[in-house]
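A quick write-up on the structure given underneath.
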Protein chains: 2
Amino acid sequence: MAVTIKDVAKLAGVSPATVSRALSMPDLVRPPTREKVQRAVAELGYQPNPTAQGLVLGRTGNLGLIVPDLTNPFFPAVVKGVQTRARDFEYSVFLADANEDPVEEAALVRALTKQVDGILLCAPRMSEDDLRALVGATPLVLINRRSGRIPAVTIDNLAGVRQAVSHLAALGHRRVAYVAGPRASWSNRERVRALRGAAAAQEVDLVEVGTVAPQFAGGVAAADLVLAAGVTAVMAYNDLIALGMLSRFTDRGIDVPGQISIIGFDGIAMAEMVSPPLTTVAQPQDQIGRVGVDLLLEIMRSEDPAVARRRELPAQLMVRGSTGVPGPVD
Amino acid sequence: MAVTIKDVAKLAGVSPATVSRALSMPDLVRPPTREKVQRAVAELGYQPNPTAQGLVLGRTGNLGLIVPDLTNPFFPAVVKGVQTRARDFEYSVFLADANEDPVEEAALVRALTKQVDGILLCAPRMSEDDLRALVGATPLVLINRRSGRIPAVTIDNLAGVRQAVSHLAALGHRRVAYVAGPRASWSNRERVRALRGAAAAQEVDLVEVGTVAPQFAGGVAAADLVLAAGVTAVMAYNDLIALGMLSRFTDRGIDVPGQISIIGFDGIAMAEMVSPPLTTVAQPQDQIGRVGVDLLLEIMRSEDPAVARRRELPAQLMVRGSTGVPGPVD
DNA sequence: TTGAAAGCGCTACCAA
DNA sequence: TTGGTAGCGCTTTCAA
């Protein structure tokens, strides 16, 4: 076994209580004593056992983070934000990947619940019922989703979509397709709703070509449908889908943006790396993570569940090479 | 506070000891008693407190995983493998991202050490000294690195590099550049070594154009140097660098593979999504994670540090569109 | 087969 | 300012 507080106490010639105090409330102990303890700690290389601390303090010092799919570059960026901020407050983070499976999401939360002081949950398709069951079990912050009065950090989907539609309208596009993400996804529903409003307001015809997996392959599959829809521009639920379309267009010899313009959503790093670079509605990914942690800590500290705590972060259209004025329609 | 073992005991009309036994060694308790307990557990929704269990059992049920940069798609894939396998054995995993910083790597390991039963460490540039200091503190498995007798899972860099060089030689390339990753990286050193050997054996001139960050931007920067080196093909330390070069070549109007062939390393998903798709030496990313967990558990179980446990996984060249026969040299 | 009780390592209360 | 001690929730002897 490792060195315990008793070993330190013995070596320093004080009681375990004093060692504990010297470490956690140093000014309650006389300087000479404090130094004795510090020397003993250093000599023995003592580190408090977090499990024991956790047991007596009733807190673990851990945060849980659940994401749908780490393979989508959007989430690693969020994870990094969470980690950074969590470390600032000396929290460690449990990460769990739900593999895009609502059932796993719920199971993971349940498993994590006992191990952490709070959970950051990015579970776009978990049922509202499952969600409600979770709340109250542990402090919880939703990421990119809202539900009832559960604390949440989201982005301004409405503004993001509006910027995108205005951009296309200003370029002269009059007929635009939307390739949807998972039907159950909160973000997707929000974006569709915003899109319909914005399209109507800007007198743009909106063609909803259906739902695909929020992945590159989904975009590849959608590309041909989009082409058949006779539009001059297409917006995608996320960047991965947009990138898949771009790739398929390139393969089919369709010029982007000459023959069709593409707008993605998320602002993942990869969007800048393709050619042409992808115009996209960027989310502040690491900020989402950081703010999520802040919110969670706030909740954990002041356990007043009455106030619904929410943060809405801005979305920003990044205009890049994949959008341009519409070419002549064939 | 949540429901404890005492609550269950009271409701079931037995002692806490019996509840504990009924749960963890069911056949030591008479069936009728067992059922009473189970009913009480169900009614109260009791779940054992893992912290308390951890304290008495001396194990946490957690694994730690440290990666250099979650933003490199290679690592999320490894992380997924780790998670999957860990979950099979009812372990949770702490994930920490070291931000490509050797100092942070060491600090993270130290912080994690007390919280987990074992650590999977992917720290390509941590100094050997730091590494040695860690070993012994906690069961440890190195990922993509070898050091002394520390257990490790690596891939067969030598075979991978050989396949790549043979491929280029077979296509007729006689002068090939290598864009190196971090000088301190174990994998990079291995690959350079293998490359020199393979190039000599295949009578290929090797031009080492220097070291860049193992990221897209590094590749962009390297591309112009490569072009100036008068080679017909280039190999990169990893796919991100290769992708950066590809992008820069495209921007400069250089045809790939017409004017220059590119080979990456890692086999990240993105490599297939660009155009032309990237020829690359693929690592079995999720398998690396899974095998790492297996190895770690093995070590944790049989604490016989005498045997050096290692796994070397195969690397496989994926021939795709970014390599072809060399064009006429200008 | 079951229960009483000790104790994992630590913190915090109460006394001294 | 310090020490003794109870107890966090659980498991596991040791006895009954």
Side-chain angles (χ1 to χ4, degrees), chain A residues 1-41 44-62 90 92 111 113-117 137-138, chain B residues 1-41 44-62 90 92 111 113-117 137-138:
Chain A
M1 249 315 121
V3 26
T4 78
I5 202 171
K6 282 186 187 171
D7 302 321
V8 179
K10 200 172 298 172
L11 179 60
V14 299
S15 78
T18 301
V19 175
S20 177
R21 266 187 300 253
L23 260 29
S24 47
M25 321 143 85
D27 19 55
L28 288 193
V29 46
R30 258 178 347 125
T33 320
R34 195 192 311 158
E35 279 156 28
K36 267 193 303 185
V37 172
Q38 285 163 343
R39 258 194 305 280
V41 165
L44 263 30
Y46 169 73
Q47 286 189 280
N49 177 331
T51 306
Q53 288 186 137
L55 186 57
V56 53
L57 295 179
R59 50 154 279 177
T60 62
N62 301 144
E90 310 210 289
S92 300
T113 272
K114 327 287 307 177
Q115 309 239 48
V116 300
D117 299 331
T138 190
Chain B
M1 249 316 124
V3 26
T4 78
I5 202 171
K6 282 186 188 171
D7 302 321
V8 178
K10 200 172 300 171
L11 179 60
V14 299
S15 77
T18 301
V19 175
S20 176
R21 267 186 298 249
L23 260 30
S24 47
M25 321 143 86
D27 19 56
L28 287 194
V29 47
R30 249 170 3 115
T33 320
R34 194 192 311 157
E35 278 156 27
K36 267 192 301 184
V37 171
Q38 285 163 344
R39 258 195 303 279
V41 165
L44 264 30
Y46 169 73
Q47 286 190 280
N49 177 331
T51 307
Q53 288 186 137
L55 185 57
V56 52
L57 295 179
R59 49 152 279 177
T60 63
N62 302 144
E90 311 210 290
S92 301
T113 273
K114 326 289 305 180
Q115 309 240 47
V116 301
D117 300 330
T138 190

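Quick note on labels: first sequence line is chain A, next is B, and so on, each numbered from 1. FYI, side chains are in, hydrogens and waters are out, and symmetry mates aren't considered; it's all heavy atoms of this structure.
Nearest approach of Thr113(B) to Thr138(B), heavy atoms of both residues: OG1-CG2, 3.8 Å. In terms of heavy atoms, Pro48(A) sits closest to Gln53(A) at CB-OE1, 3.6 Å.
In this structure, NZ of Lys114(A) is placed 11 Å from P of dG9(D), rounded to the nearest angstrom. For the pair Gln115(B) CD and dG9(C) P, the computed distance is 16 Å after rounding to whole Å.
For the helix from dT1(C)-dA16(D) to dA16(C)-dT1(D), the end axes, each set by the C1' atoms of five terminal pairs, are bent relative to each other by 40° (nearest 10°).
Checked against side-chain contact (heavy atoms from CB on, under 4.5 Å), Thr51(A) has the following partners two or more places apart in sequence or in another chain: Asn49(A), Thr51(B), Leu55(B), Thr60(B). For Gln38(A), the side-chain contact (heavy atoms from CB on, under 4.5 Å) partners at least two apart in sequence or on another chain are Arg34(A), Glu35(A). Residues passing the side-chain contact (heavy atoms from CB on, under 4.5 Å) test with Asp7(B), sequence neighbours excluded: Val3(B), Thr4(B), Leu44(B).
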Under 3.5 Å, side-chain donor or acceptor atoms of residues 11-29 of chain B against the rest of the protein: list the pairs with distances, not counting sequence neighbours.
residue  : atom : partner  : partner atom : Å
Ser15(B) : OG   : Ala17(B) : N            : 3.3
Ser15(B) : OG   : Thr18(B) : N            : 3.3
Ser15(B) : OG   : Thr18(B) : OG1          : 3.3
Ser24(B) : OG   : Ser20(B) : O            : 2.8

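Of the residues listed (Val56(B), Asn62(B), Leu57(B)), the one engaging Arg59(B) in a side-chain contact (heavy atoms from CB on, under 4.5 Å) is Leu57(B), and it is the only one.
Other residues, nucleotides and ligands contribute over 12 non-hydrogen atoms within 6.0 Å of the NZ atom of Lys114(B).
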Q) Which letter, B, S or -, goes with each nucleotide of nucleotides 10-16 of chain D from 5' to 3', with contact meaning a protein heavy atom under 4.0 Å? A) SBBB---
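Less than 4.0 Å separates DNA chain C from at least one heavy atom of each of the following residues of residues 29-39 of chain B: Val29(B), Arg30(B), Thr33(B).
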